[in-house]
There are 2 protein chains.
Amino acid sequence: MRQVAALAGVGTKTVSRVINGEPNVSSAMIAKVKQAADSLDYQPDLHAGNLRRADGRTKTLGLLVGSVANPFYGTLHRAVEEAASARGIAVFASSLDDDPDREQGLVSAFLQRRVDGLILTTVTKSQAYLAPELRRGTPLVFIDREPAGIEADAVVSDNAAGSALATRHLLEHGHRRIAYLGDLDSIQTARERRRGFLEELGRAGVATRDIPVVVDLHDEVAANRAVLALLDSTDPPTALFTSQNLVTIGAITALRARALQNRVALVGFDDISLADLLTPGITVIAQNPQRIGELAAERLLARLDGDRTPTHSYVVPTELIARGSGEIGPHA
Amino acid sequence: MRQVAALAGVGTKTVSRVINGEPNVSSAMIAKVKQAADSLDYQPDLHAGNLRRADGRTKTLGLLVGSVANPFYGTLHRAVEEAASARGIAVFASSLDDDPDREQGLVSAFLQRRVDGLILTTVTKSQAYLAPELRRGTPLVFIDREPAGIEADAVVSDNAAGSALATRHLLEHGHRRIAYLGDLDSIQTARERRRGFLEELGRAGVATRDIPVVVDLHDEVAANRAVLALLDSTDPPTALFTSQNLVTIGAITALRARALQNRVALVGFDDISLADLLTPGITVIAQNPQRIGELAAERLLARLDGDRTPTHSYVVPTELIARGSGEIGPHA
DNA sequence: ATGAAAGCGCTAACAT
DNA sequence: ATGTTAGCGCTTTCAT
């Protein structure tokens, strides 16, 4: 900046004014400074400025998700980016991989880079460690799972209601013997989905005692194995409800292995790509990652703009998409 | 930092030494400072330090891709993140959306945040605008497409060879009338893929004159329409080669609309998820986004470590995955 | 082994 | 409308 000032023959503050588009600069000055800046390929240092600037904003925000390679989070990331870039805010994105230590390390790494705010899913038991930062005024918006040990905004899917919807759908198609296949019970959203399933059965007056409920399925292979065991049992279910993407895929391959894909109904939580091109098409409870990202970004930006209303958990509705597999009857 | 120093009753430089783990500090001092830092929830400001620090590294890098919502780039992003986080480097990620202005804006935004380096796909005609930055010592690694108007490292897929491979595969299964369905001809990789296709036909002595070559298909709908037109023509192709994901999907829906999915062969460039669960399974030329990300990060880090060897374009091989659709014969 | 002073690139506050 | 001085939070250099 000093070089630009020297070349243009002006004071550094004038350069600063031109760069930041502040008022009260003559157009001759503006032209002179801009030309000098261009010829030196000058790039202002945002962080140096923020050191002294009143609001201290870095125009940067951190996003912590399960994995940036997961299309669900990719879509969410995109929505956040969209809202952020409209305000000149850049986005750091990192993957947690269900590792609580990694979560803390990444949060710390972002804070050291002075992000203006954080949008994060969380895998730690408690997020109380974030309380000091929250008090300091850094806005936090939790996504996917609600925070524990701390009060902050959250944007989550309607897990229990979505599961209930899926369950009702299968009940309405005549099923009574519906198996539940769930993810790790240590995951809050997984428990919510199971709760929605069981409560809906209760409302319908179906005894849950004999209902097969398998949990702690975290990958395709485990899901495949669990479904095969169910199908091969003496009293196999007439319908399956799978609580997560990979479990759904494992179920599909298991059904096909027994040539039952057109005889046993299947509804999966979370949409899978090309589900409509499979035979049968896979009926799912679709989440809305784009909306989650949008809302989270909107809340974060509002907080940055001074919104001091009480924290709130926003629930984004899920949607049942019927494609065939969920509409198979019990006597097919 | 001053507060920490005051609370611990030491000089600021001692705090700095403790925080950065520099040698020559007594363990009593270390304990005292750490405790003071903890009790104040002190987070060092990385950027303030970098202002004066000799190497001026922000431990931050920028990644520019087509869209973070695209699973291909999600996987690539993940690989970059993996390599970066191992060295304490955070990653900015942004989406270009084929918008050259956006590219320049994002590059500038990253540079103002003083990223240590940039990994980027590019949609501008020339990247000469990056030359000053490159001279300044900021390492640049181009991915997906090679740079123009500037000399820098690049990591790309073997587009032409992959296309040739697909073409040979179809030729070997007896096809002579193979239609090519390509993306926008303004995209370098799209042209490369078409070149590979035509050259392989040439090598096989197949006259390309009567081969249907449709380009500028950028989405599923356009691809669907183009394939339907081909199938309905007087001399329909016995095989299709689609040069991109969305085009492949458009082709699948078109084949199904005419109930020809088991009679007309199909090979797609770029893998699509669940391709193996479709009927028939979709044969593809799979790229290796993980390897591209890994290599790009590796090169960038090497440059940061002082590697001054001449720039090079690394070519990541593609792979044919046979799943059924590409093995249909011409007389099915 | 520890600390004081200067300065990184910039903006705030106050001149002029 | 423009320039000057101080200082943001840190690291460097140089003393002690």
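So you know, we letter chains A, B, ... as the sequences are listed, proteins then strands, and number each from 1.
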Q: Could you grab the distance from atom OG1 of A:T189 to atom CG of A:N159, nearest 0.5 Å is fine?
A: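 Spacing of OG1 (A:T189) from CG (A:N159) equals 5.5 Å.
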Q: With a cut-off of 3.5 Å and sequence neighbours excluded, list every side-chain donor-acceptor pair involving residues 104-112 of chain B.
A:
none

Q: Please list residues of residues 26-45 of chain A whose heavy atoms come under 4.0 Å from any atom in DNA chain D, ordered by number; otherwise none.
A: A:S26, A:M29
Q: Identify each donor-acceptor pair in which a side-chain atom of residues 143-151 of chain B lies under 3.5 Å from a protein atom, sequence neighbours left out, and give them as a table.
A:
{"residue": "B:D144", "atom": "OD2", "partner": "B:Y73", "partner atom": "OH", "Å": "3.1"}
{"residue": "B:R145", "atom": "NH1", "partner": "B:T122", "partner atom": "O", "Å": "3.2"}

Q: Excluding sequence neighbours, so at least two apart, what forms ring pair (Phe, Tyr, Trp, His ring centres under 6.0 Å) with A:Y314?
A: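 For A:Y314, the residues satisfying ring pair (Phe, Tyr, Trp, His ring centres under 6.0 Å) (neighbours in sequence not counted) are A:H312.
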Q: Taking salt bridge (charged side-chain N to carboxylate O under 4.0 Å, His left out) as the cut-off, I'd like each qualifying pair that reaches into residues 104-128 of chain B, sequence neighbours left out, listed once.
A: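 Qualifying pairs, neighbours excluded: A:D45-B:R114.
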Q: A:H47 has an atom NE2; how far is it from atom P of C:dC10, in whole Å?
A: 12 Å
Q: OP1 or OP2 of D:dT2 less than 4.0 angstrom from a side-chain nitrogen or oxygen of A:T14, does that happen here?
A: no
Q: Along nucleotides 11-16 of chain C, 5' to 3', which nucleotides get a B, which get an S, and which get a -, given that the test is a protein heavy-atom distance under 4.0 Å?
A: BB----
Q: Main chain of B:T309, side chain of B:D307: is a donor-acceptor contact present, judged purely on distance under 3.5 Å?
A: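 Checked: pair present.
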Q: CG of B:L140 to CG of B:L118: how many Å apart, nearest 0.5 Å?
A: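 Output value for this atom pair is 5.5 Å.
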Q: What is the distance, rounded to the nearest whole Å, between atom CG of B:L46 and atom C1' of C:dG9?
A: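 Distance check: B:L46 CG to C:dG9 C1' gives 16 Å.
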Q: C:dC10 C1' sits how many Å from A:R57 CZ, rounded?
A: 19 Å
Q: Can you check the A:L51 CG to D:dT11 P distance for me, whole Å?
A: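 Checked: the CG to P distance equals 12 Å.
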Q: For A:R87, is there an ion pair with A:E81 - N to carboxylate O distance below 4.0 angstrom?
A: no
